[in-house]
Amino acid sequence: MLIHELNGMLVKTAKGTKDMRALWFEKGVVRAIDQRLLPGTFKLVTIRSYKEMAKAISDMTIRGAPSIGAAAAYGIALAWLRGEDLDRAAKAIKATRPTAHDLFYAADLMLFQRDKNLVGAAGEYADGIVDMCRRIGEHGGKLVKDRDRILTHCNAGALATVDFGTALAPMRVAHRAGKDIFVYVDETRPRLQGAKLTAWELLNEGIDHAIISDNAAGHYMKDSVDLVIVGADRIARNGDFANKIGTYTKAVLAKENKVPFYVAAPASTFDSSLIRGEDIPIEERSEDEVLCLGKCRVAPRGSTALNPCFDVTPSRYVKGFITERGIMKPDEISSMKATGPAIYRGPAR
Ligand code: MRU
């Protein structure tokens, strides 16, 4: 089967299995899966303005670097449709979450194309991301062997990338090619993107998996994990990268246990303006995410918490970057630049 013939995210609903994206444009509004409610409730939200889009990104209705990039593009397209000030819309959207490069890249790309039909441009942007994720799946799928046990952190699946996924794309491709794989899903405290979202995607796809507490990763890495694949929010020029808090710990464990550690990401996540990982801005979120489990406070009243949302993993822990252009070593990524509208056409193969 050709990669372009592969379905995207399969979602099991009461009416059967649907091939869906995490967000899309429809009749003048944006529709998105509300990621805060999964897996208990599957609900679509309607976003009508850039202000509503900024809120949906901040409160993580839409999350994951490439998805918030597409959300930024759609948000600015909504402003364009309503005749609003595009610079103001981009400023509001850029102020939502500081770490993912995709958000800033997509917003700037929309401003760069302000003389065009921005609804069309945002749609092309989202299609371009999905195309890159498919190619990441195609390249990364070759790394996955029959009977491999793969560990992943957070959610770098279709929900995080409009469709298909980055870290999950090689797993989808391997599974659909008939390889027997097993996925260790880090629960990913504090917001549980692994336990809630990655597990939901793998279940829908029929991929064998188990959720493990973040603390259990070392235990399994010792002798049961063959491969680690994670996504990224921003990759600096030297290959240091930011991803969900806890990724660095997994990278160190992988090195110690000689487990190959791969990072899957499209060009939009590579920030060629940053030399080193230390320069990546790290989002801090509310301490309540750590002090409480859901709405229930578990920490003593009077205790405070620290809640960095991402950490930075030095490139020396990375065996390879799985990109739409192929698999690259950390010292080969300086050519990975998201270079304007050319991104839509896809890289030369
Ligand atoms: O805070 P989130 O849920 O937006 O963080 C998401 C991640 O860290 C993902 O691993 C990353 O965005 C890569 S998504 C392909």
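Note that the structure is predicted; figures quoted are calculated from it, not measured. All ligand and atom numbering here is 1-based and tracks the order in the structure.
- When heavy-atom distances to ligand 1 are checked against a 4.0 Å cut-off, A232 comes that close only through its backbone atoms N, CA, C and O.
- Sorted by first and then second residue, the salt bridge (Lys or Arg N to Asp or Glu O under 4.0 Å) pairs involving residues 191-206 (not counting sequence neighbours) are R172-E201, R172-E205, R176-E205, R191-E289.
- Centroid-to-centroid, the aromatic rings of Y317 and F261 stay 6.0 Å apart or farther.
- Within the structure, no pair that satisfies the salt bridge (Lys or Arg N to Asp or Glu O under 4.0 Å) test touches residues 254-268, not counting sequence neighbours.
- Which parts of ligand 1 touch T161 is read off a 4.0 Å heavy-atom cut-off, strictly below it: atoms 15 (C).
- Residue contacts with ligand 1: A160 is placed with no nitrogen or oxygen under 3.5 Å of a nitrogen or oxygen of the ligand (distance criterion only).
- For the pair R149 and D226, the salt-bridge criterion is met [side-chain N within less than 4.0 Å of a carboxylate O].
- The proximity of Q193 to ligand 1, defined as any non-hydrogen pair under 4.0 Å, is limited to the side chain.
- Taking any N or O of R63, backbone or side chain, at least one lies under 3.5 Å from an N or O belonging to ligand 1.
- Near A65, meaning under 4.0 Å from one of its heavy atoms, ligand 1 places the atoms 12 (O), 14 (S).
- When non-hydrogen atoms are compared, ligand 1 lies under 4.0 Å from the side chain of C154 (C-beta onward) but not from its backbone.
- Closest to atom 5 (O) of ligand 1 by heavy atom, among R191, K244, Q35, M60, is K244.
- Of the possible donor and acceptor atoms, one in the side chain of N204 sits under 3.5 Å from a partner among the backbone N and O of W200.
- Only the backbone of N155 comes within 4.0 Å of ligand 1, judged by heavy-atom distances.
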